[in-house]
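Taking it in order: structure first as structure tokens, then the write-up.
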Number of protein chains: 2
Amino acid sequence: MFVRIATERSPRPNSLRDFGMTCSSNTIVSLSEFTYKKGTEVYGEKEPAEYVYQVKVGAVRSYKLLTDGRRQIGAFHLPGDIFGLENDGAHRFTAEAIIDTTVHLIKRQSLEMVAKSDVMVAKNLFRMTTANLHHAEDHMLLLGRKTSLERVAAFLLEMDKRLTAAGVIALPMSRRDIADYLGLTLETVSRALSRLHELGVLGFVGNTQRQIVLQDRAKLASLDLQS
Amino acid sequence: MFVRIATERSPRPNSLRDFGMTCSSNTIVSLSEFTYKKGTEVYGEKEPAEYVYQVKVGAVRSYKLLTDGRRQIGAFHLPGDIFGLENDGAHRFTAEAIIDTTVHLIKRQSLEMVAKSDVMVAKNLFRMTTANLHHAEDHMLLLGRKTSLERVAAFLLEMDKRLTAAGVIALPMSRRDIADYLGLTLETVSRALSRLHELGVLGFVGNTQRQIVLQDRAKLASLDLQS
DNA sequence: CCTGGCGATTGATTTCAATCAACGAAAGAC
DNA sequence: GTCTTTCGTTGATTGAAATCAATCGCCAGG
């Protein structure tokens with residue numbers, strides 16, 4: 001679980017741009033790439049945070065478990081997303097590859113070193129933390145006060161914004177994952193999706209139930225109440 | 001609602017220490033004090049964030065509303081707590097005084113100016129945002145996956161840590177506030193507290209139900225599952 | 001090819017918390 | 001001080017989602 005064979009790549013790291021790295025601060029930062037097989041752990045809760053990750057291809061779930069196995073997924077990480085960024089030393093979630101996933105790894109220490117000298121990078125680390133906070137704040141409202149249909153509608157709208165290619169939402173995660181993200185059971189998620197299908201809000205592509213086309217975004221948005 | 005008559009105070013700001021202000025960076029920062037009457041708004045959601053606040057005495061609730069009135073309280077701010085800190089310009093919550101509350105106000109702009117030159121201050125702003133993030137992450141687990149009894153137990157343990165004076169938890173907020181923080185109804189909160197009373201976990205002080213003594217912290221902790 | 005397992009849907013039933021309702025006690029208003 | 005309102009508790013009932021259960025279809029593996 002803890003073995004990470006990081007393939008070193010040639011010079012000129014490129015995804016560091018996402019941290020706002022300027023041309024002047026071309027410090028050598030160890031940047032590598034790694035692929036996790038479907039279902040494998042990227043890191044565990046409370047483990048020391050050695051790396052920061054960026055999804056290249058694939059999808060990752062971040063979750064917390066209660067001792068009896070109840071699971072709450074805090075976020076899904078999709079291509080382009082940076083995750084595992086911890087201000088203090090330890091990870092707050094367990095992260096797992098939902099499907100085969102390739103990530104860029106940046107050594108946390110080296111990133112922090114760069115941040116010390118490069119104000120732009122430091123600012124962007126702050127911005128990312130703030131974005132995570134905003135997501136969590138919105139999600140508290142969803143988990144505390146929204147109905148099952150509202151939650152599923154909100155989920156679809158979020159995914160629509162984040163991973164639509166050619167008008168199709170290709171979900172990498174199972175109904176159980178969605179349920180654990182929304183604080184529901186998989187059956188309730190399934191029923192809500194069926195209901196939205198009946199209502200003409202969405203359609204399924206082909207014979208898989210993980211490819212969804214939104215047919216009425218306005219109606220979907222009206223089902224999720226605004227803050 | 002928007003009138004804020006800020007009483008300017010004499011030199012030598014003192015609560016700026018909580019931002020990690022060093023002696024060297026004794027820049028003049030406008031620091032004032034203001035009192036909000038019970039039930040009044042400190043700021044509204046989406047309002048531009050002009051000030052950062054620190055509770056001197058009293059208590060504040062931060063919440064989001066759905067259009068139909070459902071409310072989710074994201075946090076309670078108790079004496080010593082800093083709130084209203086926004087990285088970008090606008091507030092994410094509405095903040096209201098739960099009881100008469102006196103706050104220190106710091107102009108956001110001046111704080112940011114100090115942060116630019118004082119690394120210590122900047123670091124502390126980051127640390128505070130991270131602490132808020134951690135709280136929200138833990139609260140997602142509570143809202144998504146815990147039972148009513150577990151939520152109330154967790155709430156009591158949180159308050160015990162934060163505002164116990166002489167072994168008594170003097171709650172400033174109503175049952176409805178607690179309910180809206182925990183994603184429950186006030187009746188469910190009341191029943192859970194009664195149940196904990198029956199179980200000998202807590203007692204009520206005097207003839208008010210807002211003063212609680214924990215009589216069995218171990219049992220209470222066992223009722224709230226660990227992450 | 002068959003077979004076993006997983007994922008998803010759908011139906012039947014249960015359950016926990018919400019809702020509806022009544023009451024008593026404390027806090028504010030005048 | 002009295003009146004009114006708000007707050008909290010408790011009981012009865014309802015209801016939305018959870019749980020239990022069956023079935024179907026799709027892969028993956030032998």
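Bear in mind the structure is a predicted one, so any value in this text is a computation, not a measurement. Reminder, nothing fancy here: chain letters follow the sequence lines and each chain counts from 1.
- At a threshold of 4.0 angstrom between heavy atoms, the contacts of B/R210 are confined to the sugar-phosphate backbone, with no base atom among them.
- Spacing between atom CG of A/L184 and atom C1' of C/dT15 amounts to 16 Å, rounded to whole angstrom units.
- Computed from coordinates, the B/F204 CZ to D/dT10 C1' distance equals 13 Å when rounded to whole Å.
- Atom CG of A/L171 is separated from atom C1' of C/dA8 by 13 Å (rounded to the nearest Å).
- Here A/D100 pairs with A/K37 in a salt bridge; the nearest charged N to carboxylate O distance falls below 4.0 Å.
- A side chain to side chain contact (heavy atoms under 4.5 Å, CB included) with A/F76 holds for exactly one of A/I98, A/V55, A/L171; it is A/I98.
- The stretch residues 58-69 of chain A does not touch DNA chain D, since none of its heavy atoms comes less than 4.0 Å from the strand.
- With contacts defined as side-chain heavy-atom distances shorter than 4.5 Å, the pair B/Q72/B/Y63 does not qualify.
- In summary, B/D180 and A/R145 engage in a salt bridge, as defined by a charged side-chain N under 4.0 Å from a carboxylate O.
- The distance from atom CZ of A/R151 to atom C1' of D/dA16 is 11 Å, rounded to the nearest whole Å.
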Distances under 3.5 Å only, N/O to N/O: pair up the protein atoms with those of nucleotides 25-30 of chain C.
none

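- The distance from atom CD1 of B/I98 to atom C1' of D/dC7 is 15 Å, rounded to the nearest whole Å.
- Ion pairing between A/K64 and B/D138 holds under the 4.0 Å rule for side-chain N and carboxylate O.
- Interatomic distance, B/F83 CZ to B/R61 CZ, rounded to the nearest 0.5 Å: 12.0 Å.
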Validation: residues 183-206 of chain A side-chain donor-acceptor distances under 3.5 Å, sequence neighbours left out:
from: A/T185; atom 1: OG1; to: A/T188; atom 2: N; distance (Å): 3.3
from: A/T185; atom 1: OG1; to: A/T188; atom 2: OG1; distance (Å): 3.0
from: A/S194; atom 1: OG; to: A/S190; atom 2: O; distance (Å): 3.0

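- Atom CG of A/D177 is separated from atom C1' of C/dA8 by 13 Å (rounded to the nearest Å).
- Just one of A/Y36, A/Y53, A/F93 meets the ring-ring contact (aromatic ring centres under 6.0 Å, His included) condition when paired with A/Y43; it is A/Y53.
- Shown here is A/R210, whose CZ atom has more than 12 heavy atoms of other residues, nucleotides or ligands within 6.0 Å.
- OP1 or OP2 of D/dT9 lies within a sub-4.0 Å distance of a side-chain N or O belonging to B/R175.
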For residues 152-159 of chain B, dump all side-chain donor-acceptor pairs below 3.5 Å to protein atoms at least two apart in sequence or in another chain.
from: B/E158; atom 1: OE1; to: B/Y181; atom 2: OH; distance (Å): 2.7
from: B/E158; atom 1: OE2; to: B/H135; atom 2: NE2; distance (Å): 3.4
from: B/E158; atom 1: OE2; to: B/R162; atom 2: NH1; distance (Å): 2.8
from: B/E158; atom 1: OE2; to: B/Y181; atom 2: OH; distance (Å): 3.2

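- Heavy atoms of B/G206 sit nowhere under 4.0 angstrom from any nucleic acid atom.
- Taking CG of A/N132 as the reference point, atom CZ of A/R92 lies at 13.0 Å (rounded to 0.5 Å).
- Closest of all the heavy-atom pairs between A/P79 and A/G58 is CD-O, 3.2 Å.
- In this structure, A/Q226 contributes its side chain and A/D224 its backbone to a donor-acceptor pair below 3.5 Å.
- The local environment of CZ in A/R108 is crowded, with over 12 non-hydrogen atoms from other residues, nucleotides or ligands closer than 6.0 Å.
- Contacts between residues 185-202 of chain A and DNA chain C, counted as heavy-atom distances below 4.0 Å, involve A/L186, A/E187, A/S190, A/R191, A/S194.
- As a whole-Å value, the separation of A/R176 CZ from C/dC6 P is 12 Å.
- Rounded to whole Å, the distance from CZ on B/R70 to P on D/dA16 is 12 Å.
- The overall bend of the helix from C/dC1-D/dG30 to C/dC30-D/dG1, read as the angle between its terminal helix axes built from five base pairs each, is 40° when rounded to 10 degrees.
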